[in-house]
Every structure is written in structure tokens, then in C-alpha cells.
Amino acid sequence: MSGTPTEQLLGPLNPVELRFAPAALWTAGDTTLLLRHPRVAIVGTRHPTPDGIRRTQRLVKALVDHGAIIVSGLAEGIDTAAHTRALELGGRTVAVIGTPLDEAFPKKNAALQKRIAQEHLLVTEFAPGIPVARGNFPRRNRTMALVADASVIVEAGAGSGTISQGWEALRLGRPLFLLQSLVAGGLAWTTEMQNHGARVLASTDDLLHALPTDDIRDAVSF
Amino acid sequence: MVGAETAAAFVARRLREMAPAFITDFLGVDVALVPVPRSSLRRVDALWPPLEIANELRAQGFGSRVIECLDRRHAVTKAATAASNERPKAKQQFESLALKNPLDLPAQVVLIDDVITRGAQLLGAAWCIWSQRPDVTVRGFAVVRTISNPADFSTIADPCVGHVRLGRDEECFRLP
């Protein structure tokens with residue numbers, strides 16, 4: 001069983017994007033979401049604080065109100081909050097997972113995964129039968145950075161897999177935003193990411209202004 | 001990407017096709033193309049749009065070679081996304097940059113950038129080169145120039161030559 005070539009789904013990729021792009025992706029659902037903009041990844045810890053959940057929900061609302069597609073990784077915590085809020089609001093969402101399509105991790109998100117596959121879009125770089133291993137998830141985060149026009153890290157500790165997504169977004173030259181509350185925590189990696197171009201998300205307007213839209217892409221022809 | 005080619009390749013190809021007369025002189029065969037560092041620090045394999053642009057210009061026959069001789073020593077605020085009063089001035093740009101192998105530079109250099117706002121980054125980069133090679137003629141090239149007043153906007157493709165000058169209050173001014 002073969003997946004679909006990544007460039008067939010996402011469009012042509014530049015050499016920097018191709019470096020870590022999987023050759024193929026397996027999908028279930030509406031793949032046209034991968035050609036619509038803006039797509040914003042909202043990611044963070046599997047063990048969020050109540051404030052982290054509330055901030056995620058507010059951010060998702062602001063983005064859905066502006067027609068953004070919410071991308072996340074279907075993990076526990078911030079990811080689940082992002083997908084769930086997008087669904088509640090009638091927005092569109094894309095889940096980039098670290099397992100084959102027919103497996104769910106965590107198992108308790110199986111129903112959410114099924115709904116996203118049926119009504120929205122589920123994406124993975126892992127072919128059917130590939131065992132679920134810890135190393136899948138940082139790879140998933142790297143691919144999620146490629147799928148999204150921008151990434152936002154809500155909450156994450158020093159060892160979080162989310163950090164790999166942040167670095168990949170910066171490598172790709174895509175906007176990376178860190179929530180003000182996260183930066184205030186004084187973690188060394190947030191400072192380092194800011195030195196490499198990450199921006200502090202003080203208001204959703206900053207994020208919205210950094211995003212591409214289909215209108216702008218259509219206009220650039222001369 | 002623009003269609004099947006990168007944005008940098010698209011711009012370089014269109015510039016070659018449009019071929020305004022001044023470009024042939026500006027990006028002539030005796031000119032080295034020097035990409036301007038990003039405002040932030042950069043990991044080795046990260047996207048560096050000015051380098052992409054420089055390489056694509058070279059592939060279209062502009063300039064003599066691409067020289068990666070400028071490094072960012074510490075991050076500065078990105079002018080294109082900052083409020084006007086928060087944009088770094090040319091002096092801050094200069095102080096955040098380092099020049100490698102200055103003797104490799106030929107007599108004429110064109111700094112390559114993606115976006116020019118007021119020109120402080122280009123001026124800071126030129127200042128960095130002149131600090132060690134005052135004999136080098138340095139000019140700047142950017143793919144996009146910002147336009148503050150929408151009424152001044154007439155067309156997307158509008159190649160032009162202009163000037164960046166330093167005011168008494170250390171603010172840069174770009175014309176046009």
C-alpha cells in the first residue's frame with residue numbers, strides 16, 4: 001500500500017522544505033484542506049495547566065473566526081484541546097499523527113481521531129503496519145511544521161517534543177509564535193528560539209498579520 | 001513557491017525577462033552578490049531567503065559570484081514586522097554583524113536582501129563591509145520594497161534604482 005507523494009498533496013516544495021519532508025503521506029478525509037490557507041498549528045504539552053487549556057481555546061476561537069484551519073497532533077493536552085475547540089466552533093481541523101491511520105495514540109483519542117478522519121483530515125507519514133515508537137512523534141512534529149503555515153507553542157516543558165516542531169518551523173522560515181505566558185517562564189529554549197526568529201504572541205492580531213491567505217497567493221501573478 | 005518554481009527563482013527569471021537597462025549595470029559581471037543575514041540568528045541548514053535570491057540571480061547570469069561573508073552575531077528586531085519606532089537603526093545593524101574574509105571581496109559588491117523597509121539593514125551591512133574594506137563600492141538590491149501609503153502603489157513589478165541615506169537622528173530614509 002502506498003501513500004500519496006507529499007508534493008502532490010502540499011504542492012511543490014523548495015529545497016529547504018524537501019530536506020526532511022516525508023516522501024509520501026497517508027491521509028483520510030478532505031485533502032483539499034492541505035491546499036487552503038491559513039493553516040495554523042497549535043501545539044504544546046500533554047500535561048497542560050488549566051490556563052494553558054483556556055489560552056488554547058481562546059486562540060482557536062480567534063483563528064477559526066478568521067477562517068484559519070487548526071492543525072495539531074492529536075496528543076493529549078494542548079493538542080486535544082485545540083482540535084476539540086475547533087470542532088465545537090464549526091471550524092476546520094487537520095490532525096498530523098505519529099501512528100499509522102488505523103492506530104490511535106493515545107487510545108482514548110480514538111473517537112476524536114475517527115471523527116477528524118471522517119469530517120476533516122487525518123495525516124500521517126507512517127505506513128500501515130509501522131510500529132508505534134517514541135521516535136515517531138518528533139518526526140510527526142517536524143512534518144506538522146511543514147504542513148502548517150505557522151506554528152504556535154502554548155505551553156511546553158524542557159523535554160517536550162513540541163520543541164522539535166518549533167525548531168523545524170524556524171528552519172523552514174515559517175512564523176513561530178510562543179505565548180507570552182510561556183516566554184515569561186524563562187526557559188532557556190524559549191530565549192534561544194527568540195534569538196533565532198521566534199516571536200512572542202502578545203495578541204492574535206500579530207499572528208493573523210503573519211499568515212498567508214488564499215487571496216494574497218492568488219494576487220501574486222505578474 | 002510560485003507554480004513549480006521557488007519565489008526566488010521566479011523573481012530572478014522575471015527580472016531577466018523584463019531586463020530593465022539599469023539592472024544589467026547594477027548586477028553586472030564584475031559584481032559580487034553578498035546575501036544579507038537574517039535579522040535573527042540562523043542554523044546552518046535553515047532557510048535564508050537572501051541567499052536563495054542571490055543564487056537564483058547568479059543562475060540567471062547576474063553578478064560574478066555569490067559570497068557568504070556576512071554573519072549575524074546577535075539577533076535584532078525584524079524591521080518588516082516591527083512598529084516604526086521599534087525598527088533597529090543602521091548602527092544597531094552594523095554592531096550585530098560580522099564580516100568574514102574581507103580580502104576575498106572584489107571592488108564592487110551588491111548586497112542582496114528580500115525586503116527593504118527604510119534601508120537600515122542594507123546600510124548597516126554596507127557599513128560593516130566599509131569598516132574593513134573602505135575601498136569597496138557597495139550597493140544594495142532587494143526584491144520587495146515596502147510602501148507605506150497605499151495610494152503610492154501602482155503595480156507589483158516596478159524595478160527601480162534609489163537611495164538610502166542616514167538622517168541626523170540616525171533614522172534611515174529610502175527613496176523611492
Salt bridge or not between Arg139(A) and Glu125(A)? Use side-chain N to carboxylate O under 4.0 Å. yes
If the threshold is 4.0 Å, N to carboxylate O, is there a salt bridge linking Arg118(B) and Glu171(B)? yes
Is chain A contacted by the side chain of [X], its backbone, both, or neither, given a heavy-atom distance below 4.5 Å?
X        : answer
Arg38(B) : side chain
Arg42(B) : backbone
Thr6(B)  : side chain
Glu52(B) : side chain

Select one option (side chain, backbone, both, neither) describing which atoms of Arg19(A) are under 4.5 Å from chain B's heavy atoms.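 The side chain, not the backbone.
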For each of Asn14(A), Val16(A), Leu13(A), Asn195(A), tally heavy-atom pairs with chain B at distances under 4.5 Å, and name the one with the top tally.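 Of the options given, most contacts go to Asn195(A).
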Restricting to non-hydrogen atoms, name the atom on Lys89(B) and the atom on Ala120(B) that form the minimum distance, rounded to 0.1 Å.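 Closest pair (atom of Lys89(B), atom of Ala120(B), distance): C-CB, 4.0 Å.
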How far does CD1 of Ile69(A) sit from CG of Leu33(A), to the nearest 0.5 angstrom?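 Going from CD1 on Ile69(A) over to CG on Leu33(A), the span is 5.0 Å.
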Closer than 3.5 angstrom, by distance alone: can the side chain of Thr124(A) be matched with the main-chain N or O of Phe126(A) as a donor-acceptor pair? yes
